[in-house]
Protein chains: 2
Amino acid sequence: MASPTPIKTSTLADSVFDQIRTAIVKGELPPGSKINEPQLSKQYGISRGPLREAIRRLEGCKLVDITPNIGANVVSLNLEQAIEIYEIRESLEGLACRLAAKQTNTQDCLKLRRLLSHHEQQIQSENGLLYYQKEGDLDFHYLIVRLSGNTRLFNLLCGELYHLLRLYRTQTSSGPSRPEIAFKQHHQIVDALESQDGELAELLMKRHISSAKKLLIKQFNQ
Amino acid sequence: MASPTPIKTSTLADSVFDQIRTAIVKGELPPGSKINEPQLSKQYGISRGPLREAIRRLEGCKLVDITPNIGANVVSLNLEQAIEIYEIRESLEGLACRLAAKQTNTQDCLKLRRLLSHHEQQIQSENGLLYYQKEGDLDFHYLIVRLSGNTRLFNLLCGELYHLLRLYRTQTSSGPSRPEIAFKQHHQIVDALESQDGELAELLMKRHISSAKKLLIKQFNQ
DNA sequence: TATCTCTATATTGTCAACAATAATATTGAT
DNA sequence: ATCAATATTATTGTTGACAATATAGAGATA
């Protein structure tokens, strides 16, 4: 027999954790904003028990700060903290490239190329440009980090740090908009991966992220 | 007037989170072991509510895995996962050294030297050797990461990754015992920091951790 | 003896009520 | 009118009870 019933799969705390995290990352719950338990529990139609569990889990993920007897707030990053994350990213994505170069086959590289050309198509239209800035760039990085084969590295970068950076961007409403340059850099990175040159790929990726970091600082100063 | 009363400072969930985390890191709650809510709530003298919040926070920190309707287990690392963490450590502590080199003053270096010589004294006795293996080595790394000035880097390494690695060690009861070699490497690193040579310090630290990683693998294979 | 089913027990998930603390509004005095 | 003290409200912290699910055990059958 088939399995028609979707089988109540996860717990309320889990489901609401996902929803709140998405809301935070999307900016619906802005950085610094207060997490109001009665309100959210009403909004999601659950009691405060599992809601508090979800909030505690978010605390563990460093997406909210909890002050005893006062409550939880969505974390808010200043420039300094964003830079700290960029420094970590630079190091870790460099590592990801070095690891990825050891094991990417031609098919993986093809995938990367297709991704890039798809982005280049998207970027033609105004909408596309927005799309690229907001999401497309990350796709590329996601894929490379996944190709590194290091699962924890993937979870750390794609499951935590990217979220936090997106938080900063919604805060300052500033995205790294330098598509042409980024494109060139992206292609160079794939070139290096294709020729199995891990050291070069690492170097290029570090530069790529470092230039994004510099742009961030520049945008802040004007 | 002074502030004599310690003022009930934190919540039950916070306090029990600390206690459980310590128990996990110390190995009192072994990797893979089940977290039994009724038992722990009785043991800590609290109800299941705040206990579950603490567990959820541990889940966010990736120290326990929760399966719906079944419960939480202390995470358990296999060699492959330990290696993944070492790869990340190598990259991040290299970064820490590079950053630290830019801003360590003579006093910081003095502190590092004192720490090392203190370790060398401790190591004379059998007890000392144990001490060194278990804690001393980390002191050195802690201090350097703190000198990097990158707060998030510090929290990531010293507040998460080290904990996980310690978990693996309690699991396999194998510590990286190569004090003499490590000592030499440590001193070389301080030398590099002293001469403000960030690149060299980074290189040496990466090597240092890489050799620890190789030892880990070797220990596993016999 | 081994395996399966059914029952009993234990554990997890959820909720609503109460207690403690913080935030807000009100009152009164200067 | 402004500030301080007080009363009121809202929010957080904690608990115990109940429901749903999973685990363990006893008994029956092959």
Side-chain angles (χ1 to χ4, degrees), chain A residues 1 3-21 23-24 29-76, chain B residues 1 3-21 23-24 29-76:
Chain A
M1 72 173 184
S3 66
T5 33
I7 312 166
K8 206 261 231 109
T9 173
S10 73
T11 168
L12 284 185
D14 287 330
S15 135
V16 127
F17 166 82
D18 283 334
Q19 296 184 67
I20 298 180
R21 186 176 57 175
I24 291 177
L29 286 174
S33 65
K34 179 161 172 46
I35 304 269
N36 187 308
E37 293 182 11
Q39 180 208 319
L40 281 185
S41 80
K42 185 171 274 185
Q43 178 176 332
Y44 292 117
I46 63 174
S47 77
R48 281 177 52 223
L51 174 64
R52 284 173 65 87
E53 290 181 23
I55 295 173
R56 270 316 204 316
R57 194 171 155 197
L58 289 167
E59 183 189 22
C61 296
K62 299 183 185 306
L63 278 174
V64 306
D65 284 331
I66 297 182
T67 312
N69 289 317
I70 289 183
N73 292 80
V74 179
V75 295
S76 154
Chain B
M1 73 177 185
S3 66
T5 34
I7 311 165
K8 205 264 227 111
T9 173
S10 72
T11 169
L12 285 185
D14 288 329
S15 134
V16 126
F17 167 82
D18 284 334
Q19 296 185 66
I20 297 180
R21 186 176 58 175
I24 291 177
L29 286 175
S33 64
K34 180 162 173 42
I35 305 269
N36 187 308
E37 293 182 11
Q39 180 208 317
L40 281 186
S41 80
K42 186 170 275 183
Q43 178 177 331
Y44 291 117
I46 64 174
S47 75
R48 281 177 53 223
L51 174 65
R52 283 173 65 87
E53 289 180 22
I55 295 173
R56 269 320 209 306
R57 195 171 155 197
L58 289 168
E59 182 189 23
C61 296
K62 300 186 185 306
L63 277 174
V64 306
D65 284 330
I66 298 182
T67 313
N69 289 319
I70 289 182
N73 292 81
V74 179
V75 295
S76 154

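So you know, we letter chains A, B, ... as the sequences are listed, proteins then strands, and number each from 1.
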Problem set entry | B:Arg48 vs B:Leu40, side chain to side chain contact (heavy atoms under 4.5 Å, CB included): CA-CA, chis, key distance, verdict | CA-CA 9 Å; B:Arg48 281 177 53 223; B:Leu40 281 186; over 6 Å; no
For this session: Go through A:Arg56 and A:Glu53 one step at a time and tell me if the salt bridge (Lys or Arg N to Asp or Glu O under 4.0 Å) criterion holds.
Result: CA-CA 5 Å; A:Arg56 270 316 204 316; A:Glu53 290 181 23; over 6 Å; no
Exercise. When you look at B:Lys62 and B:Val75, which way does the side chain to side chain contact (heavy atoms under 4.5 Å, CB included) test go after all the steps?
Worked result: CA-CA 8 Å; B:Lys62 300 186 185 306; B:Val75 295; 5.7 Å; no
For this session: Given side chain to side chain contact (heavy atoms under 4.5 Å, CB included), test B:Ile24 with B:Val64 step by step and report yes or no.
Result: CA-CA 9 Å; B:Ile24 291 177; B:Val64 306; 4.0 Å; yes
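Taking atom NZ of A:Lys42 as the reference point, atom C1' of C:dC15 lies 16 Å away to the nearest angstrom. Following rounding to the nearest Å, B:Ile66 (CD1) and D:dT21 (P) show an atom-to-atom distance of 18 Å. With rounding to whole Å, B:Asn69 atom CG is found 7 Å from D:dT21 atom P.
Under a 3.5 Å cut-off, the side chain of B:Lys34 and the backbone N or O of B:Ile70 do form a donor-acceptor pair. At distances below 3.5 Å, not a single donor-acceptor pair connects side-chain atoms of A:Asn73 with backbone N or O atoms of A:Asp65.
Near DNA chain C, defined here as any heavy-atom distance below 4.0 Å, the residues from residues 44-64 of chain B are B:Arg48, B:Arg52, listed numerically.
In the helix from C:dT1-D:dA30 to C:dT30-D:dA1, the rotation axis of the first five pairs and that of the last five pairs differ in direction by 10°, rounded to 10 degrees.
Scanning both residues, A:Pro50 and A:Ala13, for their nearest heavy atoms gives O-CB, 3.6 Å. Heavy-atom minimum distance, B:Ser10 versus A:Pro68: CA-CG, 4.4 Å.
At D:dT14, one or more side-chain N or O atoms of B:Thr11 fall inside 4.0 Å of OP1 or OP2 (strictly under the cut-off).
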Heteroatom pairs (N/O) under 3.5 angstrom, protein to nucleotides 9-11 of chain D:
{"residue": "D:dT11", "atom": "OP1", "partner": "A:Asn36", "partner atom": "ND2", "Å": "3.2"}

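Residue B:Tyr44 holds its OH atom at 8.5 Å from CG of B:Leu51, rounded to the nearest 0.5 Å.
Tested against A:Ile55 for a side chain to side chain contact (heavy atoms under 4.5 Å, CB included), the candidates A:Val16, A:Ile66, A:Leu63 yield a single pass: A:Ile66.
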